[in-house]
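This report concerns only the one structure given below.
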Amino acid sequence: MTPPTRETTQFAPAAAVQMEAIISDLGRMYQERNQALQEVARAHHEALFLLAQAAEYKDDDTGVHIVRIGFLAEAMALFLGQPQDYALTLRKAAPMHDIGKIGIPDQVLKKPGPFTPQERAVMNRHPLIGADILGKSRIALFQMAAEIALTHHERWDGSGYPNRLAGPAIPLSGRIVSLVDYYDALTMDRVYRSALSHEKTVEMVQAERGKAFDPDIVDCFVRHSTAIRALRERVTRTRMTFSDLADIPPEAA
C-alpha cells in the first residue's frame, strides 16, 4: 500500500483559509443568535412589566412597589436555598402578581370603604384574570408569572382564593410572593393609612404563621428580616427600576 504523501495529509493553503472563514462565520452567527434571544427575552419581560405597572397605577400604587416585590421575592428564594436560576426567574415574574387588577372595574377597585359580598366576589376574580392573561404563553417566565398571579392570594390553611388551595398544594412561587407582598404593602404609605414599622410588620407576619403563610417561609423571613429590610430600603433609596430588575445579577442581601 502506498503511504500518504505530504500533499495528501495537509490542507492546501486556500482550503485552510476557507475553513478559518467558515469557523469565523459560525462564531459570529452564534453570537448574533444569542444576542437575538436575549433581546426577545427582554422584550417578553418588558411587556409583562408594563402590564403590571398599568395594573399598579390603576390601583393608585407606585411602580416602586412592584420593583421591590421582585427583589424581595428573589432574596427569599435564595434564603430558602432555591437555585439562582429559579430565584432570577421569580424576580422577573413576581412583579406581575396583581396584573389581573387591570380587569377589575374602578368602582370596585378604588372603592374607599368595605366591599359588599358582590363587590368582594368581583375583586376576588383578579387572580383568575391575571392567570388568563399570562397563562396563554408557553414561555417559562410567563408561566411562572401566571402561577403567581393565580396563587398569591391562597392561604396555607386553605381559606384563601380563588381555589382554596392549602399547604404545599400552593406553588412555592405563590407562597413566597404572598408573604413579601404582605410585608411590603404594610410597610408603605397608602391613601387610607400610614406605613407600619418594620418591627410591627414582622410581628404580624409571625401571627399568620401556619394560617396565611407557610411556616417554613415565615421562619426563614424572620431569620433574615434585617437583610430583607435593608434590601427594601436600598431598592427604594436608589430608585431601582425595571432595568435593574431585568439586568443586575441576582444576590441575597
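Since this is a predicted model, take the numbers as computed values, not measurements.
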### Task
Test side chain to side chain contact (heavy atoms under 4.5 Å, CB included) on R68 and T236 and set out the steps.
CA-CA 8 Å; R68 285 196 302 256; T236 304; 3.0 Å; yes
### Task
In sequence, state the C-alpha distance, the side-chain angles, and the governing distance for H198 and V202, and then conclude on side chain to side chain contact (heavy atoms under 4.5 Å, CB included).
CA-CA 6 Å; H198 168 79; V202 171; 3.6 Å; yes
### Task
For F221 and Q206, run side chain to side chain contact (heavy atoms under 4.5 Å, CB included): C-alpha distance rounded to whole Å, both residues' side-chain angles, the deciding distance at 0.1 Å, then the answer.
CA-CA 9 Å; F221 172 82; Q206 288 179 291; over 6 Å; no
### Task
Please assess E119 against Q107 for the test side chain to side chain contact (heavy atoms under 4.5 Å, CB included), listing each intermediate value before the final yes or no.
CA-CA 9 Å; E119 290 167 338; Q107 62 266 31; over 6 Å; no
### Pair D219-R209, salt bridge (charged side-chain N to carboxylate O under 4.0 Å, His left out): steps then yes or no
CA-CA 8 Å; D219 293 344; R209 184 183 187 276; 2.9 Å; yes
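Rounded to the nearest 0.5 Å, atoms CG (L231) and CD (E74) are 8.0 Å apart. To the nearest 0.5 Å, atoms CD (Q118) and OG1 (T116) are separated by 4.5 Å. Here the CD atom belonging to Q84 is positioned 6.0 Å from the CG atom belonging to L78, to the nearest 0.5 angstrom. The CD1 atom of I104 sits 7.0 Å away from the CG atom of L109 when rounded to the nearest 0.5 Å. L90 contributes atom CG, which lies 10.5 Å from atom CG of L72 (distance to the nearest 0.5 angstrom). In this structure, CG in N163 is found 5.5 Å from CD in E154, a value given to the nearest 0.5 Å.
P105 approaches V122 most closely through the heavy-atom pair CD-CG1, 4.0 Å. Nearest heavy-atom pair across G70 and A94 is CA-CB, 4.2 Å. The two residues I133 and I99 have their closest heavy-atom pair at CD1-O, 4.4 Å. Nearest heavy atom pair, residue A227 against residue F79, reads CB-CZ, 4.0 Å. Of all non-hydrogen atoms in F115 and V108, the two that sit nearest each other are CE2-O, 3.0 Å. Closest approach of A149 to L134, counting heavy atoms only: CB-CD1, 4.1 Å.
The salt bridge (Lys or Arg N to Asp or Glu O under 4.0 Å) contacts involving residues 123-133 comprise D132-K136, where partners must be two or more places apart or lie in separate chains.
At a threshold of 4.5 Å between side-chain heavy atoms, the hydrophobic network of Ile, Leu, Val, Met, Phe, Trp and Tyr places F142 and L128 in two separate groups. Residues M144 and L165 do not share a hydrophobic cluster, defined by chaining ILVMFWY side chains whose heavy atoms lie under 4.5 Å apart. Note on M76 and W156: separate hydrophobic clusters, where clusters join Ile, Leu, Val, Met, Phe, Trp and Tyr whose side-chain heavy atoms are under 4.5 Å apart, directly or indirectly.
Every residue two or more places apart in sequence or in another chain that forms a side-chain contact (heavy atoms from CB on, under 4.5 Å) with N124 is listed here: R120, Y161. Under the side-chain contact (heavy atoms from CB on, under 4.5 Å) criterion, A131 pairs with L150, not counting sequence neighbours. Every residue two or more places apart in sequence or in another chain that forms a side-chain contact (heavy atoms from CB on, under 4.5 Å) with L186 is listed here: Y182, R193, L196, T201, M204. Residues passing the side-chain contact (heavy atoms from CB on, under 4.5 Å) test with E199, sequence neighbours excluded: S197, R229.
Judged by distance alone, the side chain of K200 and the main-chain N or O of E203 form no donor-acceptor pair under 3.5 Å. The backbone N or O of T187 sits less than 3.5 Å from a side-chain atom of R232, completing a donor-acceptor pair. Using modelled atom types, one side-chain atom of D157 and one backbone atom of S159 make a donor-acceptor pair closer than 3.5 Å.
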Identify all side-chain donor-acceptor contacts of residues 168-180 below 3.5 Å with residues at least two apart in sequence or on another chain.
unit_1 : atom_1 : unit_2 : atom_2 : d
S173   : OG     : E147   : OE1    : 2.5
R175   : NE     : I170   : O      : 2.8
R175   : NH1    : D214   : OD2    : 2.7
R175   : NH2    : I170   : O      : 3.2
S178   : OG     : H152   : O      : 3.4

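Within the 4.5 Å cutoff, the side chain of V64 has no heavy atoms near those of the R239 side chain. Residues R164 and R155 are not in side-chain contact: their nearest non-hydrogen atoms beyond the backbone lie 4.5 Å or more apart.
Here the two rings, on H153 and H126, have centers that are under 6.0 Å apart.
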